[in-house]
Amino acid sequence: MRAEAKISPETSNAAAIKEKPRTGADLLIDLLVEQNVDTVFGYPGGAVLPIYDAMYRKKGAFRHVLTRHEQGAIFAAEGYARVTGKTGVVIATSGPGATNLITGITDAMMDSIPLVIFTGQVANTVIGTDAFQESDVLGITTPITKYNYQVDDVRDLPRIVKEAFHIASTGRPGPVVIDIPKNISEALPEGPFNSEFDLPGYQPTTKPNPMQIRKLIDALEKAKKPLVIVGAGVLFADATDELRQFIERSELPVVHTLLGKGAFPGSHPLSLGMGGMHGTYTANMAMYECDFMLNIGARFDDRLTGNLKHFAPNAKVAHIDIDPAEIGKNVKTEIPVVADAKEALKALLKKDIKPLNHREWLDHLNENKKKYPLWYERTNEGISPQWLVEKIHEHTNGGAIVTTDVGQHQMWAAQFYTLDKPHNWVSSGGLGAMGFGFPAAIGAQLGRPDDLVVSINGDGGFQMNMQELMLLKQWNLPVKVIILNNAALGMVRQWQEEFYEERYSESVFEMNPDFVKLAESFGIRGVKVDKEEDVDNVLKDILSYDGPVVADFRIIPNEKVYPMVAPGKGINEMLGVEK
Amino acid sequence: MKRIITLTVQNRPGVLNRVTGMLQRRRFNIESISVGTTETPGISKMTLVVEVADDQKLEQLTKQLNKQIDVIKVSDITGKAIVARELALIKVASTPQLHNEIQGLITPFRADILDVSRDSLTIQVTGKPDKIEALIALLRPYGIKEISKTGITALLRGQQPQSSQVADISQFSM
Ligand SMILES: Cc1ncc(C[n+]2csc(CCOP(=O)(O)OP(=O)(O)O)c2C)c(N)n1
């Protein structure tokens with residue numbers, strides 16, 4: 001996978017390099033190697049020059065991926081983390097480098113993605129003087145990180161790096177920032193070093209309380225209309241096998257969240273599909289009608305629940321979550337279980353559960369599934385986007401890693417790209433950050449070089465980070481970039497049509513670049529498709545092509561995402577359930 | 001309802017900012033906050049007085065505080081037998097002629113005069129918030145120039161009564 005050795009200068013002057021004394025930056029590189037870091041996404045600048053210098057001298061310690069924007073770097077690191085389960089690592093310089101990371105840090109915080117982010121900082125002798133490229137990274141990132149550090153003494157670096165990787169990747173994962181003043185990375189450290197963990201306030205509970213498991217089973221056994229909601233917590237805990245056993249044993253119907261996609265096989269007869277704003281009618285009505293709801297690793301986000309008054313009004317709620325603060329936050333919960341999803345499911349599997357009396361409920365749900373499937377219409381105004389997603393599914397046998405950006409295409413991908421495998425779905429859920437999908441695909445492909453990565457984007461969001469196309473060429477990453485091009489900010493347009501009486505304020509692009517030529521200017525193949533009859537051939541062609549492609553599909557311009565729970569409405573009040 | 005919550009925290013840079021930032025972001029209403037070191041080096045104690053709407057909010061508050069990496073322990077000591085004190089410095093307008101009168105007024109509060117000038121007195125008082133408020137009310141007619149309060153700091157009493165006899169929050173209400 002690694003290409004373009006040319007662009008990295010050769011280490012010709014080996015002798016001179018050896019003589020350089022060991023600095024804080026050298027120590028940092030060693031510490032990253034100790035953490036088994038194989039890939040770092042970053043961008044250099046003044047305050048991190050010592051770190052980049054150490055990297056140069058220790059070439060080969062890990063690969064450094066030079067993106068074209070820090071936001072590209074952090075989204076790529078997220079994509080890498082989301083498909084590998086490993087911690088993503090990012091380096092940026094002080095000031096503008098650090099502030100360019102903010103959206104990505106917030107995204108990782110909202111979606112619980114393990115990242116360790118190193119930001120350069122001005123020397124600590126001038127911190128607080130508004131020095132050139134100084135920014136208060138600790139202050140700015142405190143509300144959007146799981147934890148953050150500023151290194152005051154180079155001898156603390158070993159402890160801080162160890163703690164940071166530990167905090168980022170355990171419990172409920174999340175981003176950790178380490179702000180490193182330039183004089184710290186330039187320092188010539190002498191021992192003694194502090195490398196012992198010192199985290200008395202951080203001990204996530206992973207094993208469930210047996211009494212709570214008992215209560216959960218008692219409630220489940222009494223249920224006539226049980227329902228299980230699965231979220232990304234199941235994926236983080238690698239608990240998909242245990243989940244499936246548990247579900248099949250008691251024949252429990254399952255709804256997944258947007259980020260829980262792949263936690264339970266989408267084509268399984270017990271799957272009701274995605275719940276929430278653009279979820280299936282069956283999933284949402286099941287959440288409305290159930291008398292017992294077991295949430296495993298989801299956080300009852302408002303895009304899932306809709307108006308809380310109408311959410312599971314008759315259900316006893318049990319919630320398994322590693323983060324106690326998520327339990328009872330939005331939805332009243334009778335049976336809290338603080339635990340890692342895998343541990344909790346294992347504990348449940350060890351216990352006998354009486355056969356449930358829920359045949360009628362299952363029949364009712366199956367009836368709904370048959371009566372109210374997801375639907376769309378094909379017209380001659382362009383390619384039907386839902387049909388296109390189904391075609392992509394068909395041509396990839398449902399086995400691709402799918403990354404999406406944010407908007408209509410994201411919802412169509414979630415609805416129509418049925419996933420049976422875990423860790424193949426990469427999407428910005430909590431923050432809904434446009435510009436995420438394409439750089440995330442770069443990270444995903446670097447993390448899983450042997451898997452097919454398909455990145456589904458809108459023409460709007462793709463333009464937010466399209467500069468990263470250069471990386472596909474440079475690293476020879478065969479990502480298939482799909483643009484569902486409606487020449488508009490489709491999701492905004494849809495809301496304006498529905499809730500603002502068709503006043504299309506600033507949501508229609510009067511102009512767009514020629515995406516084919518754009519791709520070509522980066523040395524990448526580009527194709528444009530505007531007729532449905534060409535779709536099969538083009539997909540066959542680009543999916544078998546051994547290299548990156550940008551494919552511009554001209555979709556029906558004013559197609560909408562249905563069904564839908566309008567903002568403020570209950571999940572039982574969906575629009576567009578039927579044609 | 002008003003609650004007194006104490007936090008044992010690791011004394012790392014930014015810990016106060018993390019705690020208050022979280023409280024503000026999640027719209028918890030802090031009435032006072034006091035911070036200081038403890039008998040253990042590296043460990044500090046914070047005492048928060050907060051106003052929460054209901055039990056669900058209170059549970060969220062303690063969970064969110066516990067979730068902070070630097071927070072080692074969270075205790076809601078509202079219903080416990082505690083000693084809780086606040087210190088206030090009150091600068092009140094005064095002429096030398098009024099000095100004795102004010103002295104007589106503050107003596108029952110065991111308050112002290114710390115500074116005297118031609119046109120003012122500075123008084124120190126410690127106690128429960130309601131006592132301090134009462135003194136301030138008495139001094140108000142003379143003209144209050146400045147007040148600075150530390151916020152409550154609190155400890156559990158050495159001996160806790162049976163749960164049925166615990167003091168309620170009204171003790172601390174103002
Ligand atoms: C960074 C950012 N800015 C603005 C938005 C608000 N927003 C949500 S969806 C959307 C439209 C996306 O348009 P496009 O990328 O073309 O995708 P489509 O909806 O047409 O599929 C916008 C502007 C956002 N989510 N993220």
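Letters A, B, ... mirror the listed sequences (proteins, then strands); counts begin at 1.
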Nearest atoms (heavy-atom pairs only) where B:Asn17 meets A:Gly139: ND2-CA, 4.3 Å
Answer yes if the side chains of B:Arg25 and A:Thr142 hold a donor-acceptor pair under 3.5 Å, and no otherwise. no
Before giving the answer on side-chain contact (heavy atoms from CB on, under 4.5 Å), spell out for B:Lys67 and A:Arg172 the whole-Å C-alpha distance, their side-chain angles and the decisive distance to 0.1 Å. CA-CA 10 Å; B:Lys67 186 166 155 176; A:Arg172 178 179 180 175; 3.7 Å; yes
Would you mind checking which part of A:Ile327 comes under 4.5 Å of any heavy atom in chain B, side chain (CB onward), backbone (N, CA, C, O), both or neither? both
Distance from A:Lys329 atom NZ to B:Gln64 atom CD, nearest 0.5 Å? 7.0 Å
Under 4.5 Å from a heavy atom of chain B, the part of A:Thr333 involved: neither
If you measure from the Lys or Arg side-chain nitrogens to the Asp or Glu carboxylate oxygens, is any gap between B:Glu59 and A:Lys332 under 4.0 Å? no
Could you tell me the separation between the CG atom of B:Asn66 and the OH atom of A:Tyr202, rounded to the nearest 0.5 Å? 13.5 Å
If I take atom CD1 from residue B:Ile69 and atom CD1 from residue A:Ile167, how far apart are they, to the nearest 0.5 angstrom? 4.5 Å
Would you check if there is a donor-acceptor pair between the side chains of B:Asp70 and A:Tyr147 at a distance under 3.5 Å? yes
Minimum side-chain heavy-atom gap B:Arg18-A:Leu138 below 4.5 Å: no
Is there a side-chain contact between A:Asp198 and B:Gln10 (heavy atoms, below 4.5 Å)? yes
